[in-house]
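All values below come from the heavy atoms of this structure, side chains included, with hydrogens, waters and symmetry mates left out. Predicted, not measured: the structure shown is a model, and the values here were computed from it. Numbering of residues begins at 1 and proceeds along the displayed sequence.
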Amino acid sequence: MTFQNLSLLARRLLVRAVTSDFQRQRAADEERAELTATEHPVTHALAQDYAAWRRAVLWVAGVMLSIGVLIALLNHQSAAEDIAEGAANGRELTEFERANNLAQVEQTFGRGNLELLDGLLGFLLFVKVAVAVFAIMAALQW
């Protein structure tokens, strides 16, 4: 697939997903041929239009969720560090101030509570990754 074909496909998928009207955004001829050539052929035109729209939504959602996951992975830190940085009100801390803030946060919330928060935040990150992967897998299985 050439770059031009890929960009045309990406544009078509984005327009379909944004307009969200599979009755106006018809499936392309090659998509119709692909849908009728499957093990369980989709032959009705409206069902083909819906399947093409669903594919577009899955790809757009998968890409957007993947971008969100990358941002979340880059910004991931422990709950104690996040609370300590919030207490600094955006100013740069020295290592001593940072260690002191972390100690105060741990004393205020308790180590067990902070570990529980870290576990919940880690699980939330896992769920974000899983949703992005499943959306991409569903789009690939189309």
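- Apart from Leu74 itself, the hydrophobic cluster it occupies contains nothing, where clustering links Ile, Leu, Val, Met, Phe, Trp and Tyr at side-chain heavy-atom distances under 4.5 Å.
- Legend: residues meeting side-chain contact (heavy atoms from CB on, under 4.5 Å) with Gln107, ordered by chain and number and at least two apart, are absent.
- Residue pairs satisfying the salt bridge (charged side-chain N to carboxylate O under 4.0 Å, His left out) criterion with at least one member in residues 57-66, sequence neighbours excluded, are absent.
- Take Thr36 and apply the side-chain contact (heavy atoms from CB on, under 4.5 Å) test, not counting sequence neighbours, and it matches Thr43, Gln48.
- With sequence neighbours left out, the side-chain contact (heavy atoms from CB on, under 4.5 Å) criterion links Thr94 to Phe96, Glu97.
- Annotation: side chain to side chain donor-acceptor pair (under 3.5 Å) contacts of Gln141 (sequence neighbours excluded): none.
- From Leu14, atom CG reaches atom CG of Leu9 across 11.0 Å, with rounding to the nearest 0.5 Å.
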Hey, can you pull the donor-acceptor pairs under 3.5 Å for the side chains in residues 112-137, sequence neighbours left out?
{"unit_1": "Asn113", "atom_1": "ND2", "unit_2": "Phe109", "atom_2": "O", "d": "2.7"}
{"unit_1": "Asp118", "atom_1": "OD1", "unit_2": "Ala79", "atom_2": "N", "d": "2.6"}

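- For the pair Thr19 and Val15, the tightest heavy-atom approach, listed with the atom from each and the gap, is OG1-O, 2.7 Å.
- With respect to Asp49 and Arg32, a salt bridge is recorded, a charged nitrogen being found less than 4.0 Å from a carboxylate O.
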Under 3.5 Å, side-chain donor or acceptor atoms of residues 50-73 against the rest of the protein: list the pairs with distances, not counting sequence neighbours.
{"unit_1": "Arg55", "atom_1": "NH1", "unit_2": "Glu31", "atom_2": "OE2", "d": "3.3"}
{"unit_1": "Ser66", "atom_1": "OG", "unit_2": "Gly62", "atom_2": "O", "d": "2.7"}

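- By the side chain to side chain donor-acceptor pair (under 3.5 Å) test, Gln104 pairs with no residue at all, sequence neighbours left out.
- Glu30 is linked by a salt bridge (Lys or Arg N to Asp or Glu O under 4.0 Å) to Arg12, counting only residues two or more places apart in sequence or in another chain.
- Partners of Arg11 according to the side chain to side chain donor-acceptor pair (under 3.5 Å) rule, which considers only residues two or more places apart in sequence or in another chain, do not exist here.
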